[in-house]
Amino acid sequence: MIRSQGLRIGKERISLGSIDSTNTYALHLAEEGYPHGTVVLADSQTGGKGRQGRGWYSPPGKNIYMSIILRPQQAWDDKGALSILTIMAAVAVSEAIEKKSAIPVRVKWPNDLMVSDEGVFKKAGGILAEARFMGNECLFAVVGIGINVNLLRKDIPSEIIESATSLRLASSKDLDRSELMEGILRSFDEWYGHLMEGQKERIITKWKEISLTIGKDVKAIKGGKVIKGLAVDIDEDGKLLLQLSSGEIRRIDSGDIVHLR
Ligand code: BTN
């Protein structure tokens with residue numbers, strides 16, 4: 001296992017104009033041995049990646065696209081590490097946005113960053129964690145963060161207009177992208193420290209405080225089957241616990257959910 005070299009997140013930065021995907025680029029750099037905490041930033045992406053094989057709309061001049069290389073200090077097995085990492089990232093990024101913009105940010109499981117746009121919660125950001133394993137051991141992870149910062153309504157493609165928004169639309173104010181990015185890196189560094197110190201409970205507690213999902217009836221797809229239930233909790237790895245109408249508790253480890261009410 002490669003151990004963390006104790007570098008602060010963001011001490012090493014690579015700023016690019018346009019790139020296919022900051023995550024793909026950061027994965028290559030990590031393969032080449034770039035250190036823990038290296039951050040790749042881009043003004044636009046031509047092949048931005050979202051979760052579940054989707055794309056991520058990434059026009060220039062408006063948003064934040066960044067990827068952080070992490071080399072965990074403790075051995076991480078592939079079962080829980082990525083789930084808790086994305087939960088941690090969602091907590092860190094929402095806290096930074098709230099501090100810099102005063103916009104309340106909520107999370108939809110596992111890591112959609114949601115803000116109120118004319119009274120309706122819509123997605124203003126997302127997180128994509130990818131990792132390389134040797135056997136069960138995580139060699140490194142890349143956490144990609146995309147935030148719609150200054151998009152106006154006319155900038156949002158019609159396919160996502162119902163579900164997507166921006167911080168600008170939530171607050172009617174343009175935000176300084178580099179100030180926000182600095183805040184995110186600081187907050188990420190702090191929350192990653194908590195994770196490395198084993199303070200999962202603190203991360204989970206904070207995630208639950210800002211969750212839009214807990215307490216909602218949701219629909220999930222697992223193994224090709226639709227499961228409906230009440231979202232009652234997340235476990236210590238950040239997996240979602242659904243209570244079915246039979247009372248049985250089912251654990252949802254990945255994929256998408258739909259909020260039913
Ligand atoms: C999601 O689907 O919610 C995750 C979106 C993650 C997008 C970011 S933008 C920076 C980084 N590079 C990518 O290609 N994807 C992530």
Side-chain angles (χ1 to χ4, degrees), residues 9-10 13-31 34 37-70 82-83 85-94 96-97 105-115 121-132 140-151 155-157 159-167 177-178 180-181 184-185 188 207 210-213 220-221 238 240 252 254-259:
I9 305 282
R13 295 179 195 192
I14 294 161
S15 293
L16 306 162
S18 182
I19 186 78
D20 54 351
S21 150
T22 56
N23 260 37
T24 305
Y25 194 76
L27 285 166
H28 287 310
L29 296 184
E31 302 275 8
Y34 272 67
T38 303
V39 176
V40 177
L41 298 150
D43 185 51
S44 68
Q45 300 182 117
T46 52
K49 299 188 288 186
R51 291 176 60 246
Q52 309 289 318
R54 286 186 291 258
W56 186 256
Y57 177 60
S58 310
K62 300 265 177 177
N63 294 334
I64 288 178
Y65 317 108
M66 63 159 106
S67 299
I68 303 170
I69 298 175
L70 301 172
L82 280 190
S83 311
L85 188 60
T86 52
I87 292 285
M88 180 237 104
V91 164
V93 177
S94 350
I97 296 174
V105 182
R106 298 288 171 266
V107 289
K108 174 172 176 266
W109 186 86
N111 50 18
D112 289 350
L113 305 173
M114 314 288 284
V115 294
F121 274 98
K122 295 185 177 182
K123 183 163 169 172
I127 289 154
L128 176 67
E130 301 184 86
R132 293 283 179 267
F140 57 81
V142 164
V143 177
I145 300 163
I147 302 170
N148 298 340
V149 183
N150 291 322
L151 290 183
D155 301 322
I156 302 181
E159 312 87 81
I160 54 171
I161 193 89
E162 292 299 318
S163 57
T165 187
S166 69
L167 303 182
R177 286 185 294 159
S178 55
L180 183 56
M181 192 262 301
I184 291 171
L185 293 179
F188 198 100
W207 187 93
I210 58 171
S211 166
L212 269 187
T213 299
I221 298 180
L240 185 65
I252 308 295
S254 61
D256 279 328
I257 55 161
V258 176
H259 287 172

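Just so you know, ligand 1 is whichever comes first in the structure, and atom 1 is the first atom listed for that ligand.
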Between the side chains of Tyr65 and Asn63, does any donor sit under 3.5 Å from an acceptor?
-> yes
Return the set of residues passing side chain to side chain contact (heavy atoms under 4.5 Å, CB included) with Thr24 (not counting sequence neighbours), or none when no residue passes.
-> Asp20, Ser21, His28, Lys49
Do Gln45 and Ser18 have side-chain atoms, one donor and one acceptor, less than 3.5 Å apart?
-> no
Can you tell me how far CD1 of Ile68 sits from CG of Leu185, rounded to the nearest 0.5 angstrom?
-> 5.5 Å
Taking the side chain as C-beta and beyond, is there a heavy-atom pair between Pro110 and Arg51 under 4.5 Å?
-> yes
Quick one, list the residues around ligand 1 where some non-hydrogen atom comes in under 4.0 Å, by chain and residue number.
-> Ser21, Thr22, Asn23, Gln45, Gly48, Lys49, Gly50, Arg51, Trp56, Tyr65, Met66, Ser67, Asp112, Lys123, Gly126, Ile127, Leu128, Gly144, Ile145, Gly146
Ignoring hydrogens and angles, tell me if any N or O in the side chain of Trp207 forms a donor-acceptor pair with the backbone of Asn111 under 3.5 Å.
-> no
